[in-house]
Every structure is written in structure tokens, then in C-alpha cells.
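Here's the structure, in C-alpha cells; my notes come after.
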Amino acid sequence: MKTTLSLFCCSLSLLFCFYLPRGSLSAGVDRCKLPPRGWNSYDSFCWTISEDDFLKSAKVVAKYLKSHGYEYVVLDYLWYRRLVPGAYTDSLGFDVIDQWGRMVPAPDRWHSAKSGNGFAEVAKEVHSLGLKFGIHVMRGLSRQAFDANTPILDINTGRAYEESGREWRAQDIGIKERSCAWMPHGFMSVNTSLPAGRAFLSSLYHQYAEWGVDFIKHDCVFGDDFNLEEITYVSGLLKKFDRPILYSLSPGTSVTPTMAKELKGLANMYRVTGDDWDSWGDVASHFDVARDFAKAEMVPGEGLLGSSWPDLDMLPLGWLTDAGANQGPHRQCNLTLDEQRTQMTLWSMARSPLMFGGDVRQIDETTYKLITNPTLLEINDYSSNNMEAWKILGPERNHLMRRSKISMLKRVNNHHTRVVGVTSCKDPNANGWSVESLGQYHEQICWRKEDEQLNREPLCLYKRKPLLASSNEHVLYGQDNRRLFTSDDGVKSCLDASPRHKLTSSEWKKKQPSFSTCRGDANQQMWKLSSNATLRSSYSGLCARVKQVKGTNDVRTSGVRSWIATGRQGEIYVAFFNLNVEKTLISAKLSDMAKVLPGRNLEDKADCKGREVWSGQRYEAVADSLEMVVDKHGCALFTLNCS
């Protein structure tokens with residue numbers, strides 16, 4: 001039977017100031033230099049949460065999680081949508097907007113908004129609990145406001161915005177061709193080069209600040225939907241307010257360190273993966289991207305009025321709902337306990353923001369102990385030199401696994417599969433495209449990078465007349481000789497600049513090239529070959545690239561991984577991760593750890609003591625190496641103190 005938090009008695013501490021410490025940590029800690037931590041409503045309620053349920057959840061966070069640093073309670077998307085028959089995640093015409101085209105809380109779910117004060121009362125209640133209040137917002141302008149052609153508020157005059165002798169409206173600033181690809185009926189970009197477009201964004205974010213919002217999760221502006229212009233302008237607005245507002249960006253599909261470096265000084269956290277749900281494939285897909293951002297020395301980076309953090313997404317643990325569902329929490333997490341520990345350990349070692357997504361009102365003892373584990377939270381807050389360290393894994397591990405009749409790592413062959421995706425146009429790996437003539441087609445666009453070295457035919461895309469008469473661009477459609485871009489019935493597919501729905505992390509890792517049935521929208525049409533050999537989408541501003549994926553096995557969900565970090569008291573943290581489907585013996589020599597931690601005295605005879613967190617096993621003397629048999633999809637986490 002589930003044990004609820006009513007059995008616990010946790011110490012409380014007030015967290016009402018931006019610079020107050022977490023829990024019992026020493027005073028004077030600069031909060032903006034720690035990874036953000038809190039609770040988000042999406043994994044447990046999707047978009048259907050009400051004011052009563054949200055505030056009940058906030059009270060549980062304040063009572064049981066605040067002392068562990070969980071200080072934000074974040075309301076995820078569609079808080080402005082009426083919960084009535086016919087409404088769903090991409091429905092049109094069910095949103096509540098004010099006379100200026102701005103989203104306001106749906107009064108059928110947010111009763112305090114009936115007074116016309118938006119979220120002011122909710123924020124006040126959250127602040128009285130010693131917590132901070134966050135909301136999810138979408139890019140630019142809503143389709144509903146565009147269709148209604150609402151006027152734009154001039155915050156300086158309190159009247160409709162006027163310029164050049166006329167009043168400006170939503171249809172003057174909305175870019176309908178740049179709708180959010182995974183919510184095309186919901187939102188579109190605004191033209192930030194127009195003073196009227198900037199005036200609209202100013203009216204939005206000043207309203208959020210007036211409501212008392214402390215955290216903005218800005219969606220459909222990053223990853224495949226990268227909109228640096230809007231991000232830059234919004235960041236500038238937040239910087240001018242008289243109190244800090246944490247700025248978070250989403251989604252994370254296609255994000256690379258090169259793309260994220262363009263955010264320097266602009267945001268505090270940014271998604272680097274697709275949506276993470278409670279499947280092992282989603283968890284395993286985070287290892288590569290966590291490694292890449294640590295290797296790029298972006299943990300942390302320079303952020304808005306503080307640091308910025310690569311965000312591995314929320315923790316879907318405990319009592320959950322389903323993606324896109326029109327209902328609240330109704331099922332338990334599908335991950336095993338070992339898989340949950342692996343997720344929490346990786347998130348902590350990578351110093352990702354920790355945003356719990358389960359229903360806190362029904363949190364069980366196991367989940368509670370996991371997300372409040374003091375060693376993990378210490379690592380998440382204060383560790384340094386965090387990195388994936390596969391070189392520390394001893395070369396004898398295969399021999400030991402054979403001896404113990406434990407499966408070796410899966411063998412991967414040398415076959416390469418090409419996968420088309422999108423990336424920042426500043427990525428040096430994006431410039432591999434060239435034009436070649438082709439028979440009945442006027443020309444083809446081919447990717448030759450790496451292909452000549454591998455002595456094989458290039459991957460080519462073929463130009464076709466535009467599908468929209470008003471467009472001057474060419475559509476590129478795929479017709480690979482193998483299988484990537486043509487369906488079995490011969491219907492041609494067109495290259496997308498952005499996914500058509502929110503992708504989970506495992507969907508993004510597994511997804512084939514960004515192709516779908518040819519339509520007439522700008523998401524497919526606006527591709528242009530530049531003089532620097534990049535293929536750029538005018539829709540998203542991203543460039544197409546081809547990746548070489550080695551092997552036919554799913555190398556992302558098998559094998560072993562290891563992470564290492566150092567603590568603020570000189571301790572060393574070592575994590576072993578077993579991605580295999582069977583128990584695996586994993587070992588690492590201290591001498592190899594010394595190679596990745598320069599300046600640390602970790603020779604074979606070093607006097608090291610420590611313990612393994614999950615088993616509680618203590619080591620009074622670790623003279624040469626660490627080793628442990630790790631269950632499938634599980635992990636081991638060691639804390640070492642070495643003289």
C-alpha cells in the first residue's frame with residue numbers, strides 16, 4: 001500500500017527572497033548560480049489543472065519539498081483554454097483573450113481571474129507559502145487574436161498603439177507563415193522588427209510581471225522552433241523589471257551546444273531534448289546530450305542575471321497523466337525503481353534543473369525519498385568538473401563479465417545510416433550541401449560531407465516548383481534510393497523545418513529525417529542553399545544537416561556509461577550506469593580517474609574511503625579500483641574521500 005507524505009515531518013524554511021539559501025544551506029548563497037528546482041503541472045495534469053488543484057499542490061510543495069530546494073511551482077500550458085467539449089491541445093476558438101489579444105486565465109478553471117486581475121491572486125497565495133510562481137507561455141501571438149485582429153496595447157499610454165498616423169493591430173504584426181509547428185492553430189511569431197510587434201510583446205510581459213510571475217517558461221522558441229529575435233527581446237524586457245524573473249526556453253529537439261551558445265546571457269535554463277516521459281527509451285536518450293553539453297563546458301553557462309543550465313526536462317515520477325490528455329493524474333509511473341534512480345542520478349550528475357512532474361498530492365514514500373535524496377541534491381547544487389568519463393571504465397570489464405556469465409556489451413557493426421535533422425546555421429557541421437544538375441529535374445541538392453571518405457553515393461534532395469503561387473522559393477522533396485524519403489505508395493515527402501507535434505526524447509532520437517507528406521505550408525517551403533554550403537530554412541532559421549549513425553543496433557539504449565564529478569568538500573562522485581537489459585559488472589580504476597581529474601592524488605595506493613548511495617555499502621579502503629554488479633537499467637553512485 002502506498003505510504004503518503006502525511007507520514008513525514010519535514011523541517012520548513014522560508015524561501016521568499018531570490019538570494020536566500022536552499023533549506024539549511026549557509027546564508028549568502030547566490031540563488032541564481034544554482035540549477036532551478038521546483039514542481040511543474042504538465043506531467044500530472046497536462047493542461048487541465050484548476051486553481052484549486054494548483055494551490056493544493058503548492059501547499060504540499062511548501063510543506064514537504066521547499067526545505068529541499070524545490071521553490072518554484074510552475075503552471076504549464078493552456079491555462080487560458082476553457083475546459084469544455086471540443087477543446088484539446090491544438091483546438092482553435094476555445095481560448096480566453098482580453099481586448100488587446102493577450103491570454104488571460106480561463107475563468108471556468110481559475111475562479112480568482114473573474115475579477116480581471118489575471119493570476120495576481122494565485123501568485124499572492126503562492127508567495128505567502130514562501131514559494132515562487134511560474135507560468136508557461138507560447139511564442140508571439142495567438143491565432144485567435146490574429147483572427148480577431150485585436151488592437152495592440154501601448155503600455156506607455158494605456159491606449160491602442162498608434163504609429164504613422166494609424167492604429168496597429170494583430171494582423172499587422174503576426175507572421176502566420178511562422179506558426180508553431182506542433183501547435184499550428186495556437187500561436188505564431190510576431191515581427192519583432194516592427195515597433196508595433198515589440199509593443200505587443202512588451203504588453204504581454206509587463207502583464208505577467210504585474211501578476212507577480214517569477215518564472216517564465218517560453219515555448220516554441222527554441223530547438224527546431226528557434227526564434228532568437230523574440231528570445232532576445234523578451235530577455236531584455238525581463239532584465240529591466242525591478243525583480244528577477246527566471247527565463248526558461250523550450251522545446252529542446254535538435255538543440256546542440258553550438259545553438260545554445262547563441263543564448264549567452266539571455267536565459268536561465270533551456271531544454272536540450274524532446275519531452276521526457278516515463279519510458280526507458282526516453283531516459284536512455286538523454287545520455288548523449290548530457291555528455292555533449294558537459295563536454296562543451298556549458299554546465300553552467302552565462303545566463304540572464306546569473307547562470308544558465310541545460311535542461312533535461314521534468315522528472316515524470318509518481319502519479320501521472322499522459323501526453324496531450326484531457327485529464328489529470330490517473331496512473332503510476334511506468335519506470336522501474338532502478339530506472340528512476342538512473343534518471344535522477346544522471347539529472348543530478350549533469351546538474352540539470354530538477355522539476356518534479358508527478359502529482360505531489362499523492363506522492364509516495366519511495367518517490368519522495370528519491371527526489372529529496374541529500375547526496376543527489378548536493379551533487380546537483382554544488383558539484384564541479386562534471387563529465388561523462390567512459391575512459392575510467394577498466395579494459396578488463398569484458399573479461400570480468402564473461403567470467404561472471406554476465407552479458408558483454410552488445411556488438412555494433414560498422415554500417416552507417418544517414419539521418420537528416422536540423423541544427424544552428426552556425427554549426428560548422430551544417431555546411432556540406434552543394435548543387436548538381438540532374439536529368440528531368442533542373443538540379444539537385446546533395447550532401448557530400450563524409451560520403452567521399454566512405455566511398456558511397458551522396459544523399460540528395462530534389463528541387464520542385466513551389467506549392468504556393470506566392471512563394472519565390474523552391475520546395476525540396478526527398479527521393480533517396482534506399483528508403484528515407486519516399487513512402488511505399490510513391491507519394492513524395494517534403495523536408496520539414498520543425499516537427500509537427502511535440503516529440504518525446506526517444507521519438508527525437510529515433511525519428512527519421514524531418515520529412516512528411518508534402519503540403520503547402522511555410523514549414524516545408526522556405527529552404528534556401530546559401531553560398532557557405534548550408535541549407536537554411538527561412539521558416540525556423542535553422543539549417544539542415546546529415547548525421548552519420550553507426551550501427552544497426554540501438555546504441556543509445558545499451559552499453560555502460562560512467563560519470564564523474566568533484567564535491568565542494570573535496571569528495572569525488574562516481575556514477576556507473578548500466579543501459580543493458582541484463583546485470584553487468586562495471587569497474588573503474590582510481591588511476592584512470594586521476595587522468596580525468598588533473599591535480600587529484602588518485603594513484604593506485606591512494607587511501608580512499610566511501611560508500612555507494614543506493615545499496616548503502618561502505619568502503620573502508622579503496623586501494624585500486626571500484627567495481628559493482630549493476631542491475632539492468634540501474635546505476636551505482638559512489639562518494640569517495642581520498643587522502
Side-chain angles (χ1 to χ4, degrees), residues 21-30 33-35 37 67-69 290-291 293-295 297 299-300 307 309 341-354 369-394 560-578 586-628 630 634-643:
R22 280 188 173 152
S24 59
L25 302 179
S26 57
V29 174
D30 191 342
K33 292 185 178 180
L34 301 179
R37 194 176 299 162
S67 59
H68 299 281
R291 172 204 62 204
F293 278 86
K295 186 176 180 180
E297 298 182 348
V299 186
S307 299
W309 305 91
R341 287 173 172 172
T342 290
Q343 179 169 31
M344 190 70 184
T345 302
L346 177 63
W347 265 236
S348 298
M349 291 293 285
R351 300 196 72 192
S352 169
L354 298 180
K369 287 183 176 180
L370 179 61
I371 68 172
T372 60
N373 182 281
T375 302
L376 293 181
L377 299 187
E378 172 71 16
I379 293 171
N380 184 249
D381 271 340
Y382 295 113
S383 59
S384 57
N385 301 308
N386 306 64
M387 70 186 87
E388 184 179 87
W390 61 269
K391 291 183 179 180
I392 73 173
L393 296 174
V560 295
R561 301 291 185 101
S562 178
W563 274 69
I564 195 167
T566 53
R568 56 175 170 168
Q569 303 298 328
E571 64 271 36
I572 298 171
Y573 301 108
V574 181
F576 293 160
F577 298 98
N578 177 22
I586 308 175
S587 65
K589 287 187 175 182
L590 295 181
S591 58
D592 290 329
M593 296 181 202
K595 295 175 183 177
V596 298
L597 293 176
R600 300 306 297 265
N601 180 23
L602 290 175
E603 298 303 325
D604 285 1
K605 300 302 181 182
D607 182 17
C608 294
K609 298 180 179 180
R611 70 182 181 93
E612 197 283 313
V613 171
W614 303 119
S615 66
Q617 182 176 345
R618 294 193 173 275
Y619 297 82
E620 295 301 325
V622 183
D624 177 64
S625 64
L626 289 171
E627 68 176 40
M628 177 166 280
V630 181
C635 67
L637 175 60
F638 302 91
T639 61
L640 299 177
N641 292 280
C642 301
S643 60

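Heavy atoms only: backbone and side chains are in, while hydrogens, waters and symmetry mates are out.
Two residues are said to be in side-chain contact when any heavy atoms from C-beta on lie closer than 4.5 Å; Ile564 and Ile572 meet this criterion. Residues Val630 and Val560 are not in side-chain contact: their nearest non-hydrogen atoms beyond the backbone lie 4.5 Å or more apart. Inter-residue side-chain proximity for Glu612 and Met628 is flagged as met; some heavy-atom pair is nearer than 4.5 Å. A heavy-atom distance below 4.5 Å is not found between the side chains of Asn373 and Met344. Side-chain contact between Thr345 and Ile379 is absent, with no heavy-atom pair separated by less than 4.5 Å. Contact annotation: the side chain of Phe576 approaches that of Ser562 to within less than 4.5 Å [non-hydrogen atoms, C-beta and beyond]. You'll find the side chain of Leu370 reaches within 4.5 Å of the side chain of Trp614, heavy atoms only.
The side chain to side chain contact (heavy atoms under 4.5 Å, CB included) with Tyr573 is formed by just one residue from the set Thr639, Val613, Leu376, Asn386; it is Thr639.
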Q. Could you walk me through whether Ser307 and Arg351 pass the side chain to side chain donor-acceptor pair (under 3.5 Å) check?
A. CA-CA 12 Å; Ser307 299; Arg351 300 196 72 192; over 6 Å; no
Q.
Using the rule given for side chain to side chain contact (heavy atoms under 4.5 Å, CB included), can you reason through Arg37 versus Leu377, listing the C-alpha separation, both sets of side-chain angles and the distance that settles it, and then say yes or no?
A. CA-CA 10 Å; Arg37 194 176 299 162; Leu377 299 187; 3.8 Å; yes
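With Asn641 contributing its side chain and Gly570 its backbone, the two residues share no donor-acceptor pair below 3.5 Å.
Salt-bridge formation is not detected for the pair Lys295/Glu388: no Lys NZ or Arg NE/NH1/NH2 atom is positioned less than 4.0 Å from an Asp or Glu carboxylate oxygen.
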